[in-house]
Structure formats: structure tokens, C-alpha cells
Amino acid sequence: MIREIAVKIDGQEVRAREGANLLQVARDNGIDIPGLCYHPLVSVSGACRLCVVKIAGRPGLVPACTVEVVNGMEVIAFDEELDSMRRMLIDLLLSEHNCDCMTCESAGSCELQDLAYRYGLDNRTRRFVARERVLPNPDLSSAVLNYDPSKCIICARCIKACDEIQGKGVLSFAQRGLETVVTASLGEWETSECDGCGECVQLCPTGQIMEKRPKRPPRAGEVEKVQTTCSYCGVGCQLEMWVKDNEVVKVRGAEAIPNYGSTCIKGRFGHTYIDKSDRLTTPLIRRNGSLEPATWDEAMAVIKRNVLKIKDQYGPDALAGLASAKCTNEENYLFQKFMRACIGTNNVDHCARLCHASTVAGLAAAFGSGAMTNSIAELEYAKCILVTGSNTTETHPVIANLIKRAVRYHEAKLIVVDPRKIDLVNYATLWLRQKNGTDVAWMNGMMNVILSEGLQDEAFIKERTENFEEFKKVIETYTPERVEEITRIPADKLREAARIYATAETSSLVYSMGITQHTTGTDNVLSTANLAMLTGNMGKPATGVNPLRGQNNVQGACDLGALPNVYSGYQKVAEPAVQEKFEEVWGTKLSPDVGLTVVEIMNAAAEGKVKGLIIMGENPMVSDPNLNHVEEALKNLDFLVVSDIFLNDTAELADVVLPAASFAETEGTFTNTERRVLLLRKVINAPGEALPDWQIICKLAGQFGYSMHYNSAAEIMDEIAEVTPIYGGIHHYRLVPDGLQWPCPSDDHPGTVYLHKGDFSRGLGHFHPVDFIPPAELPDEGYPFILSTGRILFHYHTGTMSRRAEALNAFVSEGYAEIHPNDAARLGLEDGGRVKVRTRRGEITTMVKTTERVAEGSVFVPFHFAEAAANRLTNDALDPKAKIPELKVAACQIEKT
Amino acid sequence: MSRVTEVWVGLATCGVAAGAELVYSTFESSLAKHNLPVTMKRVGCIGMCYNEPLVDVVTADENRFTYGHVCPEDVERIVTEHILNGQPVNELLIPADGFFEHQVRIVLENCGLIDPEVLEEYQRHDGYKALQRVLSELTPAEVIEEIKSSGLRGRGGAGFPTGVKWGFAAREPGPEKFLVCNADEGDPGAFMDRSVLEGDPHRVIEGMIIAAYAIGAPHGYIYVRAEYPMAIKRLKKAIAAADQAGFLGENILGSDFSFEIKIKTGAGAFVCGEETALIASIEGKRGTPRRRPPYPAVSGLWGRPTNINNVETLANIPWIIRHGAKEFAHYGTEDSRGTKVFALAGKINHSGLIEVPMGMSIKEIVFDIGGGLRENKKFKAVQIGGPSGGCIPAKLADVPVDYKSITQTGAIMGSGGLIVLDEDTCMVDITRFFLDFTQKESCGKCTFCRIGTKRMLETLTRICDGKGVPEDVANLIELANKVKAYSLCGLGQTAPNPVLTTTKYFRNEYDTHIIDKSCQAHVCKALIHYEIDPSACKNCRLCTKQCPAQAISQGEGDHQEIDQSVCIKCGQCYEVCPFGAITIQ
């Protein structure tokens, strides 16, 4: 029980939580005790000695940062003696510091400089001067930061940031005494294991570690700082963008939910694409085979003419639209409204189809709503975390930090089930390496163990679920020994995993595309739901089924109805009452027919059934499976419109290309993976004539005589709230400072931290009996390797954004295939050499990367690289329920080129 | 006269350094040659380092004849005259010089008398009897009570009551606890722990087992510096032998108490003698101290309750158990019971290892045991407590050596370094020397120690270089007081002690350096110069030949002259002049 207590500091009584940090309590109450080595996000060391205070009844002088407050504590924080000590201490620090504040980038945001000013230590009043001081050389080798030891005050905050927050431990001190320096691994930054997240930059109090920028950036006093949401991945990190003269000059992590200042390399250093010179600045129209600049009016006229022609000739269902998981909630809402109300078709989908369609389908069937059940922050306190099919460290780096912290600081047991030896394996209690595509089998096997050992939560099953008996019949056939035959997971390890998961006080299941991107994706998801329900790990903090959503707003794009079967808030198009409601609000007739999904649209286009396609911010020419087929389909269209920030691979095939604003140039909201609606603020103006997508959609609607007029994104959100129960209480003015987690049905609702407390969204949780079905394509003599695809830390999706960021390219600039050293040796492949990877659908040539991360007989290819696009190889076989393609398993051959 | 049965050779590091290995082997071959039935024994350091190599010739009736400065050439004579013919070689025997008379040997009870590598030798001297008594008669609480009432205080320097410390660790929940022996003796010039480990390792091990039993720790570590290879070798041997004999391992002596000891060698950082830095070092981390609380007793090695005692503290334990707390408390003063081992060094006749009852005055130590100053120079001060101790002036020579009195002078008891300074010592220079050590050994973690020691050192260097300004001393004192008050660990908290004690007792030396630009002790080179007294110079030119800088040449007249612009003040001319014609100004 946390008790509130009273503490007296310099005579002022302050209230505090018992056991809270004295320095923090003082600062929270406006008593600014100086301190340089203290930072609330890392452990305390009491090394700088600045915060030393006197405490009644305690002998000696104690650093406030090392003291836990107790009731009645009386503290002297400032008196003549302590002032004189602090002045001398800062004087000493300055004597060893390279005080070139005149030209230091950190001036204005330097904590040492602030203290020197506060204590009036100028050149006349300073008493200490270092003699014979030789400035040590800076380390400029990193691609993302510069390290200048002459400005280091040995506070260790960078080291703790790297170790404790990011779980990387790349930095440490070398040498000792006055020669102490921070060192990355065993020497230079460039050759160290540093992955460039920049957490050290974030926590450095001086100018010791600073971002590397192509030109000297303006300093803190010269810039405007705007908080917004990161455009990479579904974590939804809050960023503080430093802006000057319509340019983003620096990015820091904002100390807010969900990241509290942390980012990965992409968030901090990967946004330089926004001011690239090849941004689209005017509309383009295809004339005589090539795309040429045009005015907005010309572009609109061409679109109107062609769309009406197709609609008149073939009907509205000959048109289709792809919304975007990168665009805002408001834009996705408007896009599906435009397709449905203005064009008249439900043929609207987006790339969520390729990542979590099976989550939406599976979890909706089991629980009633298809989203991460619990919150990101809870992960740190789960007693068991089962991570499967998620290379979290690379795909959701800031979430991975919390998983590592759970293991390192809160004694959590981590179970990793993954065919690859991913980074989290290093922190795992158990690593189960299943054969690709055998997930139903191992989960059924775990549940078999749980049932046979009586570890299930009987009360939960009885009170909260249904269909348990049917489910049990299937499970009984999956003995660990049988499962071992299917999955290659040793029976004993499976048993151990089952026991850990079932008996931990709280178990959280985390998954991502390793579960969803299969022809059995929905079955896999249902199995995760079964596992959580069986052990009662639902509806409680630090438990649940937690699909990590891949793109920044893939959750929101689904929530807002950019799907062919539902309007916003997962309201079914086929339900007459829903249709009626939307017809009334939107003032038009709507179609009750479920539309086509992404892969179906491509198939229909190839078959000539879909004639026109409108794409907002997506790049199916890289992202979709079986690209050769996609290319045929797109070329077969009568008319293709693409709105994007760059002329991407898909836009190059378009008839009209529209210049859109980037995330930094528009306003609205993103919904992160934990269902949290976060504000996106306009940071700079869009280049040239580029417009935010929501304005483009309104412009388009006008062409067809359908009026869409909004003064701001906030107005669009008000309409969303009106028609969408789960977003019913979400308005922009409510999103400061922490956003809101849906369901949030009314204006006075605080949002929902975790789902299914007390009741499932659908009432009772439903156990689905699921049998194992092998992947659609398995290795054979002709194609002997298993091919899997996925993301890497340094790039994002189709690379349109990340591959234009110098910092990211400095780490990885081209595609590769991960191949086991034994396979490589057998085929005469050398690390760094070239290899041809071929499947029944296509082939690519790429670089060999030999690594034991992949099992023998397996190949992994990241999909970000258009010139060696993994999706030329992937199988477009679909999950029958969710229509998600099997991007994770294909059979391939590899050969030296 | 009784027959000679044994020959002991002191083969601790001090003996070996003086050539005792060769003396030992010469004895062996000589005895073999004469076919004498005499047992050779390797013993540890008896403490008379000023007489090494030391050889004891022991007769059947246990009479010991101690020979000092024994060279291999002396061996044949000792063998033939003394062992064969029963005539001690009187001129080689060490004369009675009061060295042992004033000592009380508890910790050093066996040092120099037993073969440290033979368990039975230790047992013959009541070894492991204390352990037997503890395991068969006493509960852990009773052991702690016994140590508490003995008044034993930590001999590592801080002087915290040992029994109380054990009590802290004992009350923490187990079963995983650690007992650590701190053998990271880092003070330059101190070798108490080394000598005990080399001369009587089982004593420390027995002390550890008893301590571990008292606090309930199944695991023990000895953290010993890698610069002590002989101590490490003997410890390893002793641990193996104790293990073999059932004093270590599972169910010791049939009891339900089990204990194991591992050795961790340290890389020689001074700061690793600090408890929390030592723990970090054992854990394989950077050896830097951390904040306390939590104290090691609550959260120490690998986060488990840990009790750390110094070698000498542990070496007291078996004696206290065997003789009883009362007998121990009989020695020493009210607040400082028992004895203290000192490494006596500096400008003194009897430099070596001594053990005295607490409360003995500095004067008694220096003159009665130490035999006074070399060359009858004037006694100026003692530097006590290692580099982070302080200088106590000769005028306070009556101060008794106990925790309270020493602390009152501004110095600290420390771990046992005692350096005697004579009139030729410049107090500013010696302060600079100690600051140079602590500054280099500062780990750098906390600001005051990292930067403050450097700024103090620079000021001292400036004063020695004749560039001091009047406000330097006040600034130095202010900085020293702050470094002492606000540093994170004991290193920083005590590093200013040399500054504070010398500015207190020898302020005039600072002033003459700064104002008169002179160094009375003639040490600070920048403040002295050599001259040739023309009236005394016989023009022999020895100095001219000796001068490495060619600064001396024929002057006008019949004498040599020094070119001050070339002179490097090495003092070689001063040493070589047979007529005392070279003077220091």
C-alpha cells in the first residue's frame, strides 16, 4: 500500500509518496536542488555530489538522490555551507570542462552551463583552473552522433541510458580518475555494437554526446519545440521536434507516454526524408507515356473524367481504393467515406490486410475485438512474457526495452518461440525454435500439457468462456511427443514453457507477424486466444494477448474502417441498421456488399474486373506478395491514381500522382498498438503545392459533387466520435497530454487501459478448436529451403521513407539474405557475396549474410529493398478467413551468382 | 649444549627479496654434505625485515639462535661451527635490540615460527582449536557476543566494531550470504596483511570459517591483490589442505555447517580496498565504490548479505576464541582493545613488521621498538595510516596509538602503515607525494575526489616549485575540507588528511616555501641551489667528474665553480665531495 507522507524541506512542508526519491520530491515541489548525475529514468549513483543535503537525525551529509523519503523527514537543502560546497563543486567541474560555450551546440540546453550561470561562476569568480590540460580527441566515427570527451562530466547517464533503458550495454567507462572516458564497446563508436538509438544523447546533460547533423544545427534558444507522434512503427513514440525556419533541425524523445523519451534510431535520426529534394511538389499527369507536372485543377479534371467513365461503364465496384496505415485516423476515415459515400463501393482496404488481418478476424471471433488487449507499460511488470513471431528488438524497439527490463529488473520469465535466434533470445529463460508455420501445433501442445497437468484456470474457464469441451477434444490429441514431431520443439522444453506460462502470476502473450502472416494466420491467432483464456490471463493488468501492430497507424486505419467489410469502429457494412445510420450521417445511399481485400483487388485487376484504383500513401509494388503478379495487375488497370510524398515504385505506374504532405506537415491523430489515440501536430509546412491527404480527399469528393468540408482534422475527429462508439469520447482537445485508449465511448470516459475486464467485448470468450494445417508451400527437392521475410531495425516497410535517411543507410543500405553458415559453406557462398534466391513466383539477386540467427535450411530476406524485393518471391496464397497472404513461409532455392 | 635439530629460513617476500632462497639451498647442500640429521624449515616473516635474510638455528631443547643478514658465504661457517661443533657464530647472531621485548604478538603469534605451507605446523600451535570449540560449543549468536565483548575493531582502517558488524549480516535472511576477506592491502609501504598471509595463512582461514559460522554464510571469498603471488600460492595450498582435513567444505568437522572459500585476485587498484568497490570487482565489474546504504551487510556481493573483514581482523579471531574475550580485552585501551600490527618504515633503524598493544605511545614505537632514527637524525613526524592518513609531529610523540587519540590528531589509524620522518623530510613535498598517490588512485566516480585531489596536487606542486602565492594555503585547506566532507567513499574522504595535518602542524614550512621561497629540508629542488665554498675546495675535481650535467668547471682561482644555469640539482657533487666544500643554499 502506497502511503502519502509529509516531508519538510527548508521549512516548507511537501506531500510525497512514501519511499519516493528525495531529490525528485524536492524538484516536483519547485525546490530546485542541483544535481547532474541524477536522472529520473535511470538508477541513482550519488556520484556528482551536488545534491548533498542535511537530514535531521542522520549523521553526515547525504546526496538527496540516494534518499527515500519517510514521514516527518526534515531536510536542509540550502544553507550557506551547502551553497559554498555547490559553488566550489561546479567550479571544479568547470575546471576540467571544455567550456567553449560560445560555439557549443549544447548551449542553452546544457545543465552544467545553467548551473554555472545560477552560481555566478564567470571567468573572474572562478577559482580553479586546470593546468597542463590536453583536450582528448573526440570520437566522430558514429553515423548518428559525435562524442567529445572534453565536455564529459562523468555523470554516467549515457552509460545507464544505454544499459538500463535500452538494455544494450554498449557504453562503459574506460580508464579512471581524470582520464575516465566513455567508450563504446572496446573502442570506437563505429565498430561497436551501437545501433544508433541515441538514448545517450537524450540523457547527456552537457554537449558531450550530440546528434550528428549534416550542418551545425541551431541551438535550443533559437528553435521552436513541437511534440508529435513518430511516423515509424506502432509504438507511437512521442517526439519533440526542434524546428527553425520551416525545417526540422533535431529530434528528441518527448518524455511522455508511451516512450518517456526513448526512441529507436528511426525515430531520432530517421526523419530526414521529409525535406528531401525529391519530394513531390506538384501533381503529375501521365502524358505521352511519361509523368509530367500539372496543376491541381488539371489533375482533378483527369481523375474526374476517368473515374466517372469507369463508374458509368462498369459500375462502382470496378473501382477500388487503398487507404494507408501511414496516414492519420482522420484521413483514413475520410478515405473510406469517400470510397463508400462518393464512389459507392466497399472496395477499400489497406496493407493491414498483409500484417494483422488475421488478428482482427481471430481476436474478434474469440474476444469480440481485435486489438492488443493490454497496455505497453504493463509489459515491464508481467511475471511471464511469451513472445512469438515478433522480433521485437528490431520491429518495436521501445517495447523490446520494456521486455528486457521486465527480465532484468523485475524477475520476469521470458519465453521466446521463434524460428530465428532473435535478440530477445539472449534474455530468455527458454527459447523454443519451431519449424516455420507450425504455430498451431506448439500452442496446442502447450495447452495439452496445461490440461494434463491441471494448470488451467478452472474458475475463469467456467465463468468467462464457452465451448471449452469441444476445444478440449482437439487439444487432447496434441501430446508433447506428437508436437515434437510436427514442430521439432523438444517435448520437455514445451512442457517447461507450458508450466512457466500457466503458473506465473501474470503472463502476457506478445506476438506479431510470425503468427499472422500464414495461410493459417487466423487459426494461429485463435490459438493465442485459447492459451490466454485457458490460463485466465485475460482481463487483468500485465496479461492478455498482445499483437504488436507494425505500422504507425495500422491500428487506426483498421479502427476507422479502411476495411472492405466494416465502417469505422468495426461496424459491419452488411448490417442494415449500421448501413442506415451511416446513410443518414453521410447523406447518401451505401452498398451493403462486402468489398474486396488487397490481394483480391490485385487479382480482380489482373482479371480486368477492377478497372480503376485510387491509392493513398501505399506502395503495393514493394509491400504485396508475389510482386510480378501485382505488377501485371497494376499495368492492366485503366486508371491508377496515387497520392504520396515521393514518386514511389507504385506511383511510377500511375496515371495521376498527387503530392501529399508528410506526417510532419499535417495534423490529426495516430492510434498506436495499445489503442492509444495520439496527437499528430503540424510541425512544418508542406513543400510546394503538396497538400495533406485529408484535404486532397475533400478536393476529390468535390469533383464528384459530394461535399466534404472540414476546417481542421479536429472537426473530422468530432464526426468520427459521432458515428463510432469506440471513439465516441475522443476529441483532439482531450488528447493532451497522454492521448486516450479506446474504447472510449463518451466525453467523460477516461479510456480503457486493458480490455475484457469482467466481460469480453462479445460477452463470453469463445474457445475455438483448431487443428494444425501445414503451410501452403513446403520445401521439396526443387525448392529445398524455407524462405521467410520480415523487417529489420534500420528500415521500414517499403523503404520509401527510411531509405532516404542517411543515418539509417549508414547502418544498412542494401538488402540481403540471412543464410546459415553451414548452408553457405555447402553452396560455396561467402559472407558479403551475391546470391540468387528463387521461388516458383520470381527471383532476386541479393547479398549473402551468413548468420546463425537462421536455422540450417532456412533463409530470411528483409522486404524493404525494392531492387531486391522479397515480395517477388513470396507466396500470395491466402488465409481463407482473413485473406492475409502467407508471407512467412515459402519454398525457395538459393544459388551462387 | 643441546643438539641442533632444525634450521629455519625466513622465506616470506622480504626474505626472498634479500636472497634467502639461495641461503636456504646453500644450507640444504651443506647439511647434506656433512650428512647432518637437521630438518630445514621454511618460515614466514618474523618482522625483523631490517635483518633479512634471517636464519634460526634451533636446538632440541627449543633454543633459538637467530642469525641476521646471512649470506650464502656464511652458511658453511654456521654449519661447521654451530651445528657441527655447538659453537654459535656470535658475530653473526643478532644482538638483543629491544625489538621484540615491547611487542605483544597475537596476530603474528606464529609468523616466522611455523612453516605456513604445512597444516600440521599450524595445528601444533593450537591451530583450528578455536574452530573446533566454536562448532562444538558455541551458537553463532554466542560467537558474535564473544567478539563483541572482546572489543575487537576492524583493522582495515575504519575501526568499526567487528562483532557489531557481524551482527548486521547475521540478522539478514539467508541462506545465500557471503563472508569476504579483504586482502587488498593497497597502502604503499604497508605489508601487514601480506606477511600474515605468507606466514600464517591458516590463521586467516580459521578466522574466516568462524566469522562465516557466526553470520551464517556458506560462501567465502578472499580478495587478494595479484601483486602478492606468494600469498596467493600459500593461500591456495592452505585452502586445499583445510578442505582435505575437513575444516572447509560440506559439514565441517561433522557439524551441519558448510563453508567454501574462493580466491579472487584483484588488479591492484587502491580503491578496491573500499568495501563496495571490492564487491564490484569480485562481481567482475569496474572497481568503483557505490553509495551506501544499502550497506553490504544488507545487499553486498551479488545483492546478498555480505560481511567483509580485513586480514588482520580475521587473524585475531582464533586467538580471541581460544583465550577468551576477556584476555584479549586485557590488552589495549578503553576504546581500542587488543593489539595492532604496523609496518614500520622510513628513516628508522628497525624497519619491519611489529605488533604492539593498543595505547603504546608513538615515542615508544619509534625509539624502543624501532631503535630510533637512522644516523641519529632528528625525529620530525610519523606518517600514519597510509597515503590517506596524516602526519603527527614529533611534539605529539606521547600520543597513545589508539583509534580515538589518533583521530584527534587529524590522522587516522588506517590499516597499519607507519612511516617515520626525520629532519631531512620536507613536509610540503611529502604531502605532495601522498596526494600524487591518491590522485592517481582516485577512481573518478565522484567529482570532489576526481577533480579536487588533482587541484590540491597542483597547488602543492606549485608551492614546491616556488611558485606558491600566499592565498594558496587557505584555498588548499578549504578545498581539502570539502573533499573530505563531501566525497563518496573513504578514499576521497581521507585523501586530504595529509594536507590537513601538515598545514595544521607544519604551517611554517608552507609559509617559508611561499614567502621566503626556501625549503629548510633542502628537498624542493626549485628552492635550493648548490654552491662550492672556495675556501674549502681543494680543487680535486671529483665533483666535476661526477657531475652528469657538466655544470662544474674551473673557477677563477684554485677552486671549482657551479654554473647555476646548467645545474640540475641532482646533489651528486654534494655526496662525492670529500671536503664538505659543496653547500646547499
Side-chain angles (χ1 to χ4, degrees), chain A residues 35-38 43-54 58 60-68 81-82 84-97 112 127-133 152-156 159 163 169 172-183, chain B residues 267-272 276-277 280 285-294 303 436-462 465 467 471-472 474-476 478-489 491-493 495:
Chain A
L36 287 169
C37 70
Y38 172 78
S43 64
V44 296
S45 52
C48 79
R49 315 307 284 171
L50 270 169
C51 72
V52 163
V53 294
K54 299 170 183 172
R58 285 202 197 183
L61 301 146
V62 235
C65 69
T66 66
V67 175
E68 293 179 355
E81 188 188 346
L82 293 170
S84 131
M85 176 276 286
R86 289 181 188 134
R87 177 169 292 107
M88 181 178 271
L89 186 46
I90 298 157
D91 200 346
L92 286 171
L93 280 169
L94 295 174
S95 75
E96 285 294 325
H97 190 77
L112 181 61
R127 293 158 65 192
F128 300 106
V129 183
R131 316 266 156 171
E132 311 153 13
R133 188 165 148 74
C152 180
I153 56 167
I154 324 290
C155 69
I159 293 171
D163 182 33
S172 62
F173 282 132
Q175 313 301 336
R176 71 173 178 196
L178 281 171
E179 274 82 51
T180 308
V181 286
V182 174
T183 175
Chain B
F270 182 59
V271 74
C272 285
T276 57
K285 295 178 188 152
R286 197 177 155 79
T288 57
R290 62 155 173 80
R291 70 197 172 97
R292 296 184 295 183
D436 185 55
F437 176 83
T438 38
Q439 190 271 321
K440 285 192 177 117
E441 292 293 339
S442 168
C443 76
K445 183 169 181 172
C446 82
T447 319
F448 269 116
C449 180
R450 180 178 73 246
I451 307 177
T453 53
K454 179 70 172 178
R455 294 292 92 87
M456 284 193 281
L457 175 62
E458 284 168 351
T459 309
L460 289 162
T461 306
R462 202 157 63 230
D465 287 348
K467 293 173 187 158
E471 55 269 30
D472 274 347
N475 281 341
L476 196 56
E478 189 193 346
L479 180 54
N481 276 317
K482 289 210 162 71
V483 173
K484 186 181 173 85
Y486 295 99
S487 284
L488 172 65
C489 84
L491 196 162
Q493 287 160 8

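The chains referred to below are lettered A, B, ... by the order of the sequence lines, with proteins before strands, and numbering in each begins at 1. Since the structure is predicted, the reported quantities are computational estimates derived from the model, not experimental observations.
For A:Glu179, no part lies under 4.5 angstrom from a heavy atom of chain B. Proximity to chain B involves both the backbone and the side chain of A:Ser45, based on heavy atoms less than 4.5 angstrom apart. Both the backbone and the side chain of B:Glu441 have a heavy atom closer than 4.5 Å to some heavy atom of chain A. Contact annotation for B:Asn481: neither backbone nor side-chain heavy atoms come within less than 4.5 Å of a heavy atom of chain A. Contacts of A:Val44 with chain B are made by both backbone and side-chain atoms, with heavy-atom separations under 4.5 Å.
Rounded to the nearest 0.5 angstrom, B:Tyr486 OH and A:Met85 CE are separated by 5.0 Å. In this structure, SG in B:Cys443 is found 10.5 Å from CD1 in A:Ile154, a value given to the nearest 0.5 Å. The NZ atom of B:Lys482 lies 10.5 Å from the CG atom of A:Leu89; values are rounded to the nearest 0.5 Å. In this structure, A:Cys37 SG and B:Lys445 NZ are separated by 8.5 Å, a value rounded to the nearest 0.5 Å. The distance from atom CD1 of A:Ile153 to atom CZ of B:Arg450, rounded to the nearest 0.5 Å, is 8.0 Å.
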Report task. Mind running side-chain contact (heavy atoms from CB on, under 4.5 Å) on B:Gln439 and A:Leu178 for me, showing each step along the way? Result -> CA-CA 9 Å; B:Gln439 190 271 321; A:Leu178 281 171; 3.7 Å; yes
Requested in this report: Decide side-chain contact (heavy atoms from CB on, under 4.5 Å) for A:Met88 and B:Val483; before the verdict, give the C-alpha distance in whole Å, the side-chain angles of both, and the deciding distance to 0.1 Å.
Outcome: CA-CA 10 Å; A:Met88 181 178 271; B:Val483 173; over 6 Å; no
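Judged purely by atom type and a 3.5 angstrom limit, B:Thr447 uses its side chain to pair as donor or acceptor with the backbone of A:Cys48. Checking side-chain atoms of B:Arg291 against main-chain N and O of A:Ala47 turns up no donor-acceptor pair under 3.5 Å. Within the 3.5 Å criterion, the main-chain N or O of B:Gly444 finds no donor-acceptor partner in the side chain of A:Arg176.
Put simply, the side chain of A:Phe128 does not reach to within 4.5 Å of the side chain of B:Ile451, judged on heavy atoms. At a threshold of 4.5 Å between non-hydrogen side-chain atoms, the residues A:Ser95 and B:Arg455 count as touching.
In terms of heavy-atom pairs under 4.5 Å with chain A, the best-connected choice from B:Ser487, B:Cys449, B:Gly287, B:Pro293 is B:Ser487. For the options A:Cys155, A:Gly177, A:Ser84, A:Pro63, heavy-atom pairs under 4.5 Å to chain B are most numerous at A:Gly177. Taking chain A as the reference chain and counting heavy-atom pairs below 4.5 Å, the highest number among B:Val271, B:Leu479, B:Thr288 is found for B:Leu479. For the set A:Leu50, A:Leu61, A:Leu36, the count of heavy-atom pairs under 4.5 angstrom toward chain B peaks at A:Leu61.
Of the charged side-chain nitrogens involved, none lies within less than 4.0 Å of a carboxylate oxygen, so that B:Lys454 and A:Glu96 do not count as a salt-bridged pair. Between A:Arg127 and B:Glu478 there is a salt bridge, since at least one side-chain N of the basic residue sits less than 4.0 Å from a carboxylate O of the acidic one.
Neither side chain, B:Arg286 nor A:Ser172, offers a donor N or O lying under 3.5 Å from an acceptor on the other.
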